[in-house]
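Please read the structure below before turning to the comments.
Just so it is clear: chains get the letters A, B, ... in the order the sequence lines come, proteins before strands, and each one is counted from 1.
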2 protein chains.
Amino acid sequence: MKRWTTGQVSKQRNVSVRTLRYYDQIDLLTPSFKEDNGRRYYSEEDLFKLEKIIILKSLSLPLENIRDLLNKLSYKQILISHHNYLQDELSKLQTSITNTKSLINMVDLEESLSWERVSQLIQISQNSSKKWIDYFEVDEKLLLQETIPNLGNNDRTTHQYISLLRRIEWCIKHDIKPESNEGHQIACELIEISNDTFQGDTKLMDKFWEVRKLPSEETGLYPISEEVLEYVERCIANVTG
Amino acid sequence: MKRWTTGQVSKQRNVSVRTLRYYDQIDLLTPSFKEDNGRRYYSEEDLFKLEKIIILKSLSLPLENIRDLLNKLSYKQILISHHNYLQDELSKLQTSITNTKSLINMVDLEESLSWERVSQLIQISQNSSKKWIDYFEVDEKLLLQETIPNLGNNDRTTHQYISLLRRIEWCIKHDIKPESNEGHQIACELIEISNDTFQGDTKLMDKFWEVRKLPSEETGLYPISEEVLEYVERCIANVTG
DNA sequence: TGTATTAGATGACGTTACGTCACCTGCAAT
DNA sequence: ATTGCAGGTGACGTAACGTCATCTAATACA
């Protein structure tokens, strides 16, 4: 029967010798053989046990709990809970990534970050976003998912869309009416982008703007103030009406 | 101007009050206002700083290092490194998931697991010992390396860059011309490293050196003096021209 | 207005999962 | 014979807080 020393196990399983000694000390993994000279020798079974420990540890389970669990759980049970854990982490990671992308875009697009905006964005992504899409029908979803700028994207449309929002904010700040030339210009560009996005489906477009008006905590969309939304409505009404 | 107490920040950003006090204690995040009664009040700026800290911490960067470079890195640089990190985690997770799945299948199919098989599978997913610094760009590494002494960074390229810069400074001090033998040698090594770094992308390489000419407060990069830059240009021109 | 209930502050000690250090031992190799 | 490892045993150190006990000021409410 094969036996391994601490050093060999250490190299093989990428844990420190100290760790092995520690595990022995706290009675988590005691090597099957211990000779008079005090040396530790690990059996194949021990290695499996170590592997179990490593997996359970990766679930951020404290060693004390692992010790209690080790003999009660089968390898399969452990693997399955590990798998579930990984899946959880995966979805967390994915929202984290979109979130980070959004922030990067925000830094790019806004000259000065306001805490309010950033914190809104962070908050939204903390309670699992992506809810806005639930307001739509299956077939509508397909189109939207691909085309709606969600700030996590780096595409041109997103940038255009956001720079338009910035321009609107600027207009509001400088008291330039939606009925002015600038407002007209903005409306035209908005319509162009929208046509692009919704591929001429005006009904869907209207519905989208309805959803837009809901609070962003609910929809998980990039937060747009009431003022801006009103401006959009008015300048578009001015053009199309 | 808005101010937040420890409790409010704690709830908002999901960190414990103890943590905030600790960060104050170690001079990592000292609240902008501290009243006679001893209470801590955080400003908007403080919140941004906290957010930066949280992100850098997620790269498993020790708090001490975070303190040293918090002011030297822009929000965007931090976000991008974070993004790199997340991408890395994602691919690690994905392989981890696949491996776990196949292990579960193995347990299902073979009544007895052989250690050899299992260990093969697990070994693959382990060896990526990236350090936090690896999530930054080449040029940012220079800054980091300089800011945080004894970084223990094994990145050969960064070391080469720094030692070359030292050599150039030495040459300037001792009035050794870029057209000299030593200058020639330096140029050759520079070109070699650059080729390595940018993998033959000369455009990117040019841009790299262009950016270097801007003041470092603007770029947030490792400051290289005019003299050194000129030396670089001259000795490279001497070789390639 | 007085009082009860918090929210906040300050030490001080505890915690986890090891790292690190000093020093000792048995054994194979030169 | 000695030298160089690979192994061992305490003992202390560490990071990033958690968790008391105790005190004080701010706020809520009767």
Side-chain angles (χ1 to χ4, degrees), chain A residues 2-43 46-47 49-70, chain B residues 2-43 46-47 49-70 126 129 131-132 148 150-152:
Chain A
K2 259 190 187 169
R3 307 185 323 169
W4 292 269
T5 69
T6 47
Q8 289 166 337
V9 175
S10 162
K11 271 182 200 160
Q12 229 188 102
R13 300 285 67 237
N14 204 31
V15 293
S16 73
V17 175
R18 175 69 174 97
T19 299
L20 290 173
R21 283 204 277 262
Y22 179 63
Y23 289 175
D24 187 8
Q25 189 185 320
I26 64 169
D27 263 336
L28 176 60
L29 179 68
T30 44
S32 299
F33 316 99
K34 228 176 190 174
E35 297 204 341
D36 305 348
N37 51 24
R39 297 204 162 185
R40 279 167 259 259
Y41 293 98
Y42 294 85
S43 70
D46 294 337
L47 289 185
K49 209 169 166 186
L50 176 59
E51 205 47 53
K52 276 189 182 181
I53 292 169
I54 292 173
I55 292 176
L56 286 173
K57 203 158 73 82
S58 79
L59 309 177
S60 36
L61 227 70
L63 296 184
E64 207 189 322
N65 294 346
I66 294 180
R67 186 179 48 201
D68 300 338
L69 277 178
L70 257 187
Chain B
K2 260 190 187 169
R3 308 183 322 168
W4 292 270
T5 68
T6 45
Q8 289 165 336
V9 174
S10 161
K11 272 183 199 160
Q12 231 189 101
R13 300 283 69 240
N14 206 31
V15 292
S16 73
V17 174
R18 175 69 174 96
T19 300
L20 290 173
R21 282 203 277 263
Y22 180 62
Y23 288 174
D24 187 8
Q25 190 185 320
I26 65 168
D27 263 335
L28 175 61
L29 179 69
T30 43
S32 299
F33 315 99
K34 229 177 190 173
E35 296 204 344
D36 306 347
N37 50 27
R39 297 208 158 180
R40 280 166 257 260
Y41 292 99
Y42 294 84
S43 71
D46 294 337
L47 290 185
K49 210 169 163 185
L50 176 59
E51 204 54 42
K52 274 189 179 182
I53 292 169
I54 293 172
I55 295 177
L56 287 173
K57 202 158 74 82
S58 78
L59 308 178
S60 39
L61 186 62
L63 295 184
E64 207 191 322
N65 293 346
I66 294 181
R67 186 181 48 201
D68 295 339
L69 56 79
L70 200 53
Q126 261 180 359
S129 56
K131 285 189 180 163
W132 61 268
I148 300 165
N150 60 38
L151 192 50

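Nearest heavy atoms, B:S43 versus B:S32: OG-OG, 3.2 Å. Looking at every heavy atom in both residues, A:V17 comes nearest to A:G7 through CG2-CA, 4.3 Å.
Put simply, the side chain of A:W4 does not reach to within 4.5 Å of the side chain of A:D46, judged on heavy atoms. With a 4.5 Å cut-off on side-chain heavy atoms, B:Y23 and B:V15 do not count as touching.
Atom pair A:L28:CG and C:dA17:P shows a separation of 10 Å (rounding to whole Å applied). If you take CZ of A:R40 and P of D:dA6, they are 17 Å apart, rounded to a whole angstrom. When the C1' atom of D:dG8 is taken as reference, atom OH of A:Y42 falls 12 Å away, rounded to whole Å. Between the CG atom of A:L20 and the C1' atom of D:dA6 there is a distance of 14 Å, given to the nearest Å. The nearest whole Å value for the distance from the CD1 atom in A:I54 to the C1' atom in C:dA17 is 14 Å. Between the CG atom of A:D24 and the C1' atom of C:dA17 there is a distance of 15 Å, given to the nearest Å. Atom CZ of A:R13 is separated from atom C1' of C:dC18 by 19 Å (rounded to the nearest Å).
With rounding to the nearest 0.5 angstrom, the CG atom of A:L29 is 11.0 Å from the CG atom of A:L63. If you take CD on B:E64 and CD1 on B:I26, they are separated by 8.5 Å, rounding to the nearest 0.5 Å. Atom CD1 of A:I66 sits about 8.0 Å away from atom CG of A:L69, to the nearest 0.5 Å. Interatomic distance, A:T19 OG1 to A:R13 CZ, rounded to the nearest 0.5 Å: 13.5 Å. Residue A:L70 holds its CG atom at 11.0 Å from CG of A:N65, rounded to the nearest 0.5 Å. We find the CD1-CG distance between B:I53 and B:L28 to be 3.5 Å, quoted to the nearest 0.5 Å.
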Checklist entry - Would A:D24 and A:R40 satisfy side-chain contact (heavy atoms from CB on, under 4.5 Å), going step by step from the backbone distance to the final call? => result CA-CA 9 Å; A:D24 187 8; A:R40 279 167 259 259; 2.5 Å; yes
Checklist entry - Can you give one letter per nucleotide of nucleotides 11-23 of chain D, 5' to 3': B if a protein heavy atom sits under 4.0 Å from the base, S if only from the sugar-phosphate, - if neither? => result B----BBBB----
Write out a two-atom table: protein N or O, nucleotide N or O from nucleotides 5-7 of chain C, distance below 3.5 Å.
none

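Across its full length, the helix from C:dT1-D:dA30 to C:dT30-D:dA1 shows an angle of 10° between the axes of its 5 terminal pairs at either end, rounded to 10 degrees.
Checking the phosphate oxygens (OP1, OP2) of D:dT24, no side-chain nitrogen or oxygen of B:N37 falls inside 4.0 Å.
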